[in-house]
Amino acid sequence: MKIKKYILDEIDSTNNFAKQISDKAKEDALIIANKQTAGKGRMGRTFFSPEGGIYMSLLLHPDIMPEKVTDITVMAAVAVAEAIERICGVKTYIKWVNDIYVGNKKVCGILTEGAFNSKSKKFDYAVLGIGINLFDEGILPDELKEIAGSLDKSVNKEKLIEKIVDSFYLLYNSGGNSYIKEYKERSNVLGRQITYCIGGKTEEGTAVDITDDAKLVVKTENGLTIYGCGEIKIDVQSLKLL
Ligand code: BTN
C-alpha cells in the first residue's frame, strides 16, 4: 500500500500529529513514532508509551455515517490480531471492543477519533491510532502490571506495521462486514462473566453474542442487554489458559 509516511522518534501523540496535518493532508497518511510523551487511550486515559514500542496512526478519509466509525476500530482489531499472529507466531484474542490480548495480557490498544462535519454530513477525517507494547515487563507501572504485556521485542517492527496496514486496508476497502465473523472467533469475552462499566455505573452478566455491527449482547438477571460502546471488565485469571 503506497501511502505518505511520517517516521518520528518522539511525539506527544501520533493521533494528535495526524490531526495537526489533516488540514494539509488530503490523502491518507501513516504516522509512526518510537515513543510518545502523552499517548492517549480510550475514556480519557493515558496510554503507556515508552521508547521502542509501535505507536502508529492512520489518517483516513472515510465516507461513512457517524455511527459507522466503530467499524474502523473493529476492522483494525481484526487486522492487528491477524498481523501479530502472522508475524510474531503467537495466538491473539480480541477483548471487546478493541483490545488485543496474548494469553491474559493486553498487548495492543486501539483508539479511533473522528472529525465529523455537520455541514457536509461527512467526516473531514478520522484517525485510527494503534499502540503495540514492546518493552521489558519490569518497567510497567504498578497499575498496569496485572493487565498489560508485551510482544517479543525482537519482532521486525517494519514488517509488522506493513502487515497491519495492508490487512486493515483490505478490510476497509472491501465494503461489507465479513470481518465480524473473525472478530467473534477471536473474542476472549464470549461465554464469560463480565462487568460492563459506563459513566460510573456497572452491570454484571454473561457475554453471549456480538452482533453484525459489533455490539455486545449480555445476558443479565433482567434479560438480554445490548451494549454499543463502553468498556467491560473480565477476570484476567480466567484468561490464563487461553
Ligand atoms: C486504549 O487501549 O485505550 C487505546 C490506546 C491507543 C494508543 C494509540 S498509540 C498510537 C495512537 N496515539 C495515541 O495517542 N493513542 C493511539
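In listed order, ligands and their atoms are each counted from 1. In what follows, residues are counted from 1 in the order of the sequence shown. Below, all heavy atoms of this structure are taken into account, side chains as well, without hydrogens, waters or symmetry copies.
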Handout entry: Closest non-hydrogen atom pair between Cys88 and Leu151, with its separation
Key = SG-CD1, 4.0 Å
Problem - Atoms of ligand 1 close to Gly39 [distance to a heavy atom under 4.0 angstrom, numbered from 1] - result: 14 (O)
Exercise for the section: Examine Lys181 relative to Tyr179 and say whether NZ or CZ is less than 6.0 Å from the centre of the six-membered ring and inside a 45° cone about the ring axis. Expected result: no
Fill in the blank from the handout: Quick note on ligand 1: atoms under 4.0 Å from a heavy atom of Met56 include exactly 10 (C)
Practice task
Among all protein heavy atoms, pick out the one at the shortest distance from atom 5 (C) of ligand 1; state its residue, atom name and that distance to 0.1 Å.
Solution key: Phe47 CD1, 3.4 Å
Handout entry: Numbered atoms of ligand 1 (with element) below 4.0 Å of Gly41, judged on heavy atoms
Key = 1 (C), 3 (O), 4 (C), 5 (C)
Exercise for the section: Identify, by atom number and element, the atoms of ligand 1 in contact range of Ile130, meaning under 4.0 Å from any of its heavy atoms. Expected result: 8 (C), 9 (S), 10 (C)
Handout entry: Pair Thr112, Thr73: side-chain N/O donor-acceptor within cut-off below 3.5 Å
Key = yes
Problem - Name of the residue among Leu128, Asp71, Leu58, Leu60 meeting side-chain contact (heavy atoms from CB on, under 4.5 Å) with Tyr172 - result: Leu60
Handout entry: Nearest non-hydrogen protein atom, atom 8 (C) of ligand 1
Key = Gly131 N, 3.6 Å
Problem - Part of Asn98 with heavy atoms under 4.0 Å of ligand 1, whether side chain, backbone, both or neither - result: neither
Fill in the blank from the handout: atom 12 (N) of ligand 1: closest protein heavy atom, distance to 0.1 Å, is Gln36 OE1, 2.9 Å
Fill in the blank from the handout: A student comparing Lys95, Met43, Lys40, Arg42 should find that the heavy atom closest to atom 1 (C) of ligand 1 comes from Arg42
Completion exercise
Here the atoms of ligand 1 under 4.0 Å from any heavy atom belonging to Thr14 are 10 (C), 11 (C), 12 (N)
Problem - Between CG on residue Asp99 and CD on residue Glu231, distance to nearest 0.5 Å - result: 7.0 Å
Problem - Minimum heavy-atom distance Gly129-Ser57, with the two atoms named - result: CA-OG, 3.9 Å
Practice task
Compute whether any side-chain donor of one residue and acceptor of the other, for Tyr55 and Asn34, lie under 3.5 angstrom apart.
Solution key: no
Exercise for the section: Would you please say whether a donor-acceptor pair under 3.5 Å links the side chains of Thr92 and Glu85? Expected result: yes
Problem - Atoms in ligand 1 with a heavy atom of Lys106 nearer than 4.0 Å - result: 1 (C), 2 (O)
